Amino acid sequence: QVQLVESGGGLVQPGGSLRLSCAASGFTWDYYTIGWFRQAPGKEREGVSCITNSGGITYYADSVKGRFTISRDNAKNTVYLQMNILKPEDTAVYYCAARRGRLYSSSWYRIAEYDYWGQGTQVTVSS
């Protein structure tokens, strides 16, 4: 049974940091590209970042470049999203998703490209 479980969300002040984790089970981890998405109230789900199955290529939305860093620990079947210099507009439910095979700069942010999704973790940036 495929499972993606996000953790690490919470309430943080503007300028603060959080590290999200996405722990996976039930599929051959090394074959899968992992993406992070977020959905704010009243808005569509959007791609935040992605790391390919090899870990060699990463993608970021323009809104988070230079502030967020994605990484993966294949020994732990876990992907991390380090979020720094958080802003109120980063407030959303954050989801991780998995896709067998590679994704590219033209496709990593498309929801339909992913096979499996987690339940999400809430991130709230507020003073």
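No experiment lies behind these values; they were computed from the predicted model shown. When reading the values below, keep in mind they use all heavy atoms of this one structure, side chains included, and skip hydrogens, waters and symmetry mates. Count residues from 1 along the sequence.
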*Kindly write out the residues that satisfy side-chain contact (heavy atoms from CB on, under 4.5 Å) with Ser54, not counting sequence neighbours, or none if the list is empty.*
Thr52
_Going by disulfide (SG to SG under 2.5 Å), name the pairs with one or both residues in residues 34-69, residues two or more places apart or in two chains._
none
_All side chain to side chain donor-acceptor pair (under 3.5 Å) counterparts of Thr124, not counting sequence neighbours_ = Gln122
*Please report the C-alpha distance between Ile51 and Tyr32 in whole Å, then the side-chain angles of each, then the deciding distance to 0.1 Å, and finally whether the side-chain contact (heavy atoms from CB on, under 4.5 Å) criterion is met.*
CA-CA 9 Å; Ile51 187 165; Tyr32 280 76; over 6 Å; no
_Applying a strict under-4.5 Å side-chain criterion to I, L, V, M, F, W and Y, I'd like to know whether Tyr94 and Val64 cluster together._
yes
*Sequence neighbours excluded, which residues qualify as side chain to side chain donor-acceptor pair (under 3.5 Å) partners of Lys43?*
none
_If I compare all heavy atoms of Ala40 with all of Ala92, which pair ends up nearest, and what's the gap?_
N-CB, 3.8 Å
*Using salt bridge (charged side-chain N to carboxylate O under 4.0 Å, His left out) as the criterion, list what pairs up with Arg38, not counting sequence neighbours.*
Glu46, Asp90
*Nearest 0.5 Å please: distance from the CZ atom of Arg100 over to the CG atom of Asp30.*
11.0 Å
*Out of curiosity, Glu113 CD to Ser106 OG, how far, rounded to the nearest 0.5 Å?*
8.0 Å
*Fellow cluster residues of Trp108, listed by chain then number, with links counted only when side-chain atoms sit under 4.5 Å apart*: Phe37, Ile57, Tyr59, Val93, Tyr95, Leu103, Tyr104, Tyr109, Ile111, Tyr114, Trp117
*asked:* Assigning hydrophobic clusters by single linkage (Ile, Leu, Val, Met, Phe, Trp, Tyr; side-chain heavy-atom cutoff under 4.5 Å), is Val123 placed with Ile85?
replied: no
*Rounded to the nearest 0.5 Å, how far does OG1 of Thr58 lie from CZ of Arg72?*
12.0 Å
*Taking Thr33 for the side chain and Gly101 for the main chain, is one N or O donor matched with an acceptor at less than 3.5 Å?*
yes
_Using side-chain heavy atoms (C-beta onward) and a distance below 4.5 Å, is Val5 in contact with Gln119?_
no
_Pairs involving residues 87-127, ordered by first then second residue, that meet disulfide (SG to SG under 2.5 Å) (sequence neighbours left out)_ = Cys22-Cys96
*Identify the heavy atoms of Ile34 and Ala98 that sit nearest to each other, and give their distance.*
CD1-CB, 3.6 Å
*Mind jotting down which residue pairs meet the side chain to side chain donor-acceptor pair (under 3.5 Å) criterion with at least one end in residues 16-29? Sequence neighbours excluded, please.*
Ser17-Asn84, Trp29-Asn74
_Distance, nearest 0.5 Å, that separates CG of Asp115 from CG of Leu4_ = 10.0 Å
*Applying side chain to side chain donor-acceptor pair (under 3.5 Å), name anything that partners Gln3, two or more places apart in sequence or on another chain.*
none
*Could you name each residue pair satisfying disulfide (SG to SG under 2.5 Å) that touches residues 98-127, not counting sequence neighbours?*
none
*List the atom of Leu20, the atom of Trp36, and the distance in Å for their closest heavy-atom pair.*
CB-CH2, 3.6 Å
*asked:* Is there a path of hydrophobic side-chain contacts, each under 4.5 Å between heavy atoms, that joins Val125 and Tyr60?
replied: yes
_Glu6: salt bridge (charged side-chain N to carboxylate O under 4.0 Å, His left out) partners, not counting sequence neighbours_ = none
*Quick one: ring pair (Phe, Tyr, Trp, His ring centres under 6.0 Å) partners of Tyr116, sequence neighbours excluded?*
Phe27
*Closest approach of Ala61 and Gly47, non-hydrogen atoms and distance?*
CB-O, 3.5 Å
*asked:* Counting only heavy atoms not in Glu44 (residues, nucleotides, ligands), do more than 12 fall under 6.0 Å from its CD?
replied: no
*CG/Leu81 to OG1/Thr121 distance, rounded to the nearest 0.5 angstrom?*
11.0 Å
*How many angstroms lie between CG in Leu11 and CG in Leu18, if you round to the nearest 0.5 Å?*
9.0 Å
